[in-house]
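FYI, side chains are in, hydrogens and waters are out, and symmetry mates aren't considered; it's all heavy atoms of this structure.
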Amino acid sequence: DVCSSDLGGQCTGIGVVVDNVCNLTMNGDKSVAVTFSSIRALTTTVVGVGSIALSTTGKVSGATTCANADEVTDEVCTTYYDIGTEVTLTPTANGTSWKFNAFSGACTGATCTVVLSTNKAVTATFTEIRALTTTVVGVGSIALSTTGNVSGPTSCENTDADTDEV
């Protein structure tokens, strides 16, 4: 188990706590009370250009947003929470040329909420959106496959031989 601790006693006010280390000046008898609590790790990976926002309730340390601005490499972040914390992950695509595809790992599909009874890992995949411009010259039509069609028409038709249809 990974633990977080709360250093109390002489470290409150007299001692200095930095990164869970209590530095005391030993100029007399001192007492230090230490309280440990179990925590769990949530590792998030962002594939493509986008970000994941993580809920903050129960967070002990780490980022509350894991963001990737690089389409070539993945961004990996680890955030620690109190054991049993329910964490909601919210994906956001960057700009209009990327879309959120799906979660995988401890969550699958379009939404993600995990309960950290154990360490968990979740990946959010973002897909680049490409534009397709079609032109019908003369009378005729083009039918477009709807697989992967994010928005826009699925066909283009021209019934007038004197004009082009885009």
Any heavy-atom pair between the side chains of [Y] and [X] that's under 4.5 Å?
| X | Y | answer |
| --- | --- | --- |
| I129 | T96 | no |
| V122 | L42 | yes |
| Y81 | L54 | yes |
| V114 | C107 | yes |

Indicate the atoms forming the closest heavy-atom contact of [X] with [Y], along with that distance.
| X | Y | value |
| --- | --- | --- |
| F126 | W98 | O-CZ3, 3.6 Å |
| F100 | A110 | CE2-O, 3.6 Å |
| A41 | N119 | N-OD1, 2.8 Å |

Starting at [atom1] of [X], measure out to [atom2] of [Y] and round the result to the nearest 0.5 Å.
| X | Y | atom1 | atom2 | result |
| --- | --- | --- | --- | --- |
| S38 | Y80 | OG | OH | 14.0 Å |
| D74 | T44 | CG | OG1 | 11.5 Å |
| N68 | T73 | CG | OG1 | 5.5 Å |
| K99 | T127 | NZ | OG1 | 5.5 Å |
| F103 | T125 | CZ | OG1 | 9.5 Å |
| I52 | T45 | CD1 | OG1 | 7.5 Å |

T43/V76 under side-chain contact (heavy atoms from CB on, under 4.5 Å): CA gap, chis, key distance, verdict = CA-CA 7 Å; T43 301; V76 179; 3.7 Å; yes
I'd like to know if the side chain of [X] reaches the main chain of [Y], judged simply by a donor and an acceptor atom lying under 3.5 Å from each other, with no hydrogens or angles considered.
| X | Y | value |
| --- | --- | --- |
| K120 | V115 | yes |
| S55 | T88 | yes |
| T79 | A63 | yes |

Member of V49, N94, V47 meeting the side-chain contact (heavy atoms from CB on, under 4.5 Å) criterion with E71 = V49
Indicate if L89 and V46 have the same hydrophobic cluster label, given that clusters are the connected sets of ILVMFWY residues with side-chain heavy-atom separations under 4.5 angstrom.
-> yes
Does one hydrophobic cluster hold both V87 and V60, with members joined at side-chain heavy-atom distances below 4.5 Å?
-> no
For atom CD of E86, decide whether the heavy atoms of other residues, nucleotides or ligands shown that lie under 6.0 angstrom number more than 12.
-> no
